Amino acid sequence: MAENRTSTRADAGAAAQSSAWSSKPEIERKRPPSAPALGPRGTLLFLWRQLTSMQTALILLMLLAIAAVPGSLYPQRSVNPALTEQFLEENGRWGEILDTLGFFDVFSSPWFSAIYLLLFISLIGCIVPRVGVHLKQLRAAPPRTPTRLTRFTGYTRVELAGAEGGAEALIERARRSLRRSRYRTEIREEKGARSVSAERGLLRESGNLAFHIALVGVLICIAGGQLTSYRGQITVIEGEGFANSLTQYDSFESGAWFDETEMPDFRFTLEDFRATYVQPGEGGSVGEPRSFEADVQVTTPGQELSRTVQVNKPLHVKGASMYLLGNGYAPAVTVTDPEGEVVAEGPVITVPMGDVGYTSQVVIKAPDARPEQTAVVGFFLPTGTIDEQGPHSLYPDALDPQLALTVHQGDLGLDSGIPQNAYEVDLSTLTPVVGEDGAPVLLRLYPGQEFELPDGTTVSFDGLRRYAAFDIAHNPFERWILLSALVAVGGLILSLFVPRRRVWVRVRESADGTVLEVAGLARSDDPALEGDVRALASSLTQVQDGTPDGPHDPPQARPARAAEPPSEGSAQ
């Protein structure tokens, strides 16, 4: 036992001494490898590279398109505030949630603006480095001829027993032929050989960059237009006019940087409005509109013009464009109260209800009527009839115009200070004027007729005019948006249809004659490259006959040998 312990101590001492002198000390336990910490700077650099990658830009572009969808599904306050409020009233809690999320102001919401800004930054960060690289490529010579051309597309090797002018003439013919095909060429001296390296298709990358730069231009112009543009809607009755000032608009919206003092100085008068419709016996649906035309007299500083505004044919003046949006009828109605005072007089703008016959709603409010405020409501019928369906129009043109009205009295609620829609009235708070039978009195009036109610209120139909609704807008970036969009389309076409390729020609003198090698490489799928390479090799082996590159039978040319094309990155 003593010998065994002594031996064990000796072995341990020997092991310790061996470990102390070893150049590879024994590792007690293996630790798993760990990646070095990025640190704040490395983390920011990583995030920046992710944000400026093309993949991220495409994702953000898709998110921007998805984020714009609610703007077409839900009414927007900037376009139709009344419809937005109606949606909120009809949908209760669900409408409040959507309103909190900004679904009724999509294009000015924080989340849409965040996606827009990130896309803008991503495109800028992606474009700037690529522009620098592309400029270097444009200034640089074509890449050197690879040592082994057998790896490339359409590789062709031809051994010639004799070539006119030798290798130098063959190389010069190759350079001229490639230059005529719009290649950039460079002749290089090699060990025991000469070669031509050629490159074509850098316009593809130029188009790609032009597309992305133009896309940034579109984003900038859209943002600039939102900040500096204005848009307003007006309704003008025949014979009346409009002066371009904020107080004259029915509704008006503008960008944050818009200055109302810069509104263009012009005014116009609606001289006449004409509408034509499909009549019975003609082709098409009866009552379908054919044309809408508004004759206007426009006055600008130092100039007076007569113009006709049509749908999709706006009127342009300096600083504004006027578009024809809608139209309708404006019957002239006079209302007197029981005391004989005229409380409402003149043409009344009616609101079409959307049917083919142009049945239109009439609302006349007379808050000054005595002894009670009065409201006249009903319908204007261009070609009217009253049957089991109620009052309605059979045809949109004014062939048999008439009014179907009822009169209500009470508090109109105009004194509360709360803004109200001029084309709506709450009849639940009013009492209808009734006849001797106790039923509400229905007035049916034709032009020139007057009706007196039992309480002494009179309503007369004095005449008929038409009105037109216009949209007046100005966006100083509108032309730049169009220009950027056209540049983007042109750049996209170049990036899709211009092939980028490289071609190399090497000529080497040997004891048996001249060896010609030709090969090419495409940056992307280019099925025509192989045929073009072989055609170039064939044209270079033709014998000269007084004219450059004249086609003749090749002198003692051996069959060409081809190899499989390599991967894209093997050109270098």
Side-chain angles (χ1 to χ4, degrees), residues 47 50-51 55-124 215-235 246 249-258 260 321 323 325-326 351-354 361 417-424 426 469-478 480-482 484-485 488:
L47 294 177
Q50 295 300 313
L51 177 61
Q55 181 179 3
T56 302
L58 293 175
I59 293 174
L60 289 172
L61 190 61
M62 181 183 66
L63 288 177
L64 190 69
I66 295 174
V69 171
S72 60
L73 296 180
Y74 298 101
Q76 300 297 296
R77 279 195 177 89
S78 59
V79 178
N80 196 330
L83 188 59
T84 303
E85 295 302 323
Q86 180 183 351
F87 184 92
L88 290 172
E89 292 177 2
E90 294 175 353
N91 291 272
R93 182 59 180 168
W94 173 243
E96 294 177 2
I97 294 174
L98 293 177
D99 193 17
T100 304
L101 295 175
F103 276 56
F104 304 112
D105 298 282
V106 168
F107 303 106
S108 59
S109 62
W111 45 271
F112 188 89
S113 301
I115 298 174
Y116 192 94
L117 183 61
L118 286 175
L119 176 60
F120 181 79
I121 296 174
S122 178
L123 287 174
I124 293 293
L215 187 59
V216 173
V218 169
L219 295 177
I220 293 175
C221 292
I222 290 176
Q226 289 292 325
L227 292 172
T228 58
S229 64
Y230 73 87
R231 178 181 297 274
Q233 291 75 39
I234 59 173
T235 304
L246 291 180
Y249 284 93
D250 299 330
S251 61
F252 186 86
E253 61 177 1
S254 61
W257 294 352
F258 170 73
E260 63 181 67
S321 298
Y323 302 85
L325 287 184
V351 180
M353 300 183 65
Q361 184 176 355
I418 301 175
Q420 294 188 12
N421 191 331
Y423 305 108
E424 295 180 356
D426 185 7
F470 297 94
D471 183 88
I472 299 178
H474 177 60
N475 185 346
F477 287 86
E478 199 171 50
W480 295 106
I481 293 175
L482 175 61
S484 299

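Computed from a predicted model, the values in this text were never measured in an experiment.
Atoms CG and CZ, from L215 and F120 in turn, are 10.5 Å apart once rounded to the nearest 0.5 Å. One finds the CG atom of L325 at 9.0 Å from the OG1 atom of T235 (value rounded to the nearest 0.5 Å). Distance CZ/R231 to CD1/I472: 11.0 Å, rounded to 0.5 Å. To the nearest 0.5 Å, the span separating CG on L61 from OG1 on T56 amounts to 12.5 Å. Between L219 atom CG and L64 atom CG the span is 7.5 Å, to the nearest 0.5 Å. In this structure, CG on L58 lies 8.5 Å from OG on S122, to the nearest 0.5 angstrom.
Q86 is linked by a side chain to side chain donor-acceptor pair (under 3.5 Å) to E90, counting only residues two or more places apart in sequence or in another chain. The salt bridge (charged side-chain N to carboxylate O under 4.0 Å, His left out) check on D250 picks up nothing, with sequence neighbours excluded. Not counting sequence neighbours, S108 has no partner by the side chain to side chain donor-acceptor pair (under 3.5 Å) test. Evaluation of the side-chain contact (heavy atoms from CB on, under 4.5 Å) rule for Q55 yields S53, I59 as partners, not counting sequence neighbours. Considering only residues two or more places apart in sequence or on other chains, S113 meets the side chain to side chain donor-acceptor pair (under 3.5 Å) condition with none of them.
Nearest approach of A67 to I115, heavy atoms of both residues: CB-CD1, 4.1 Å. Here the shortest heavy-atom pairing between R77 and T84 reads N-OG1, 3.5 Å. Scanning all heavy atoms of the two residues, the minimum distance from F103 to P70 falls at CD2-CB, 3.7 Å. Between P75 and F87, the shortest heavy-atom distance links the atoms CG-CB, 4.0 Å. Across V218 and I481, no two heavy atoms sit closer than the pair CG2-O, 4.4 Å.
Proximity of Y230 to Y249: side-chain heavy atoms (C-beta onward) are separated by under 4.5 Å at one or more points.
Checked by atom type and distance alone, the side chain of Y74 never pairs as donor or acceptor with a backbone atom of D99 at under 3.5 Å. A donor-acceptor pair under 3.5 Å is formed between the side chain of S72 and the backbone N or O of V69.
The neighbour count for W111 CH2, taken as heavy atoms of other residues, nucleotides or ligands under 6.0 Å away, is above 12.
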| Verdict with reasoning, L63 to L118, per side chain to side chain contact (heavy atoms under 4.5 Å, CB included) | CA-CA 11 Å; L63 288 177; L118 286 175; over 6 Å; no
Solution key, residues 220-229 side-chain donor-acceptor pairs under 3.5 Å, sequence neighbours excluded:
residue	atom	partner	partner atom	Å
T228	OG1	G224	O	2.8
S229	OG	G225	O	2.5

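Classification of the F112-F107 ring pair by plane angle, with boundaries at 30° and 60°, yields perpendicular.
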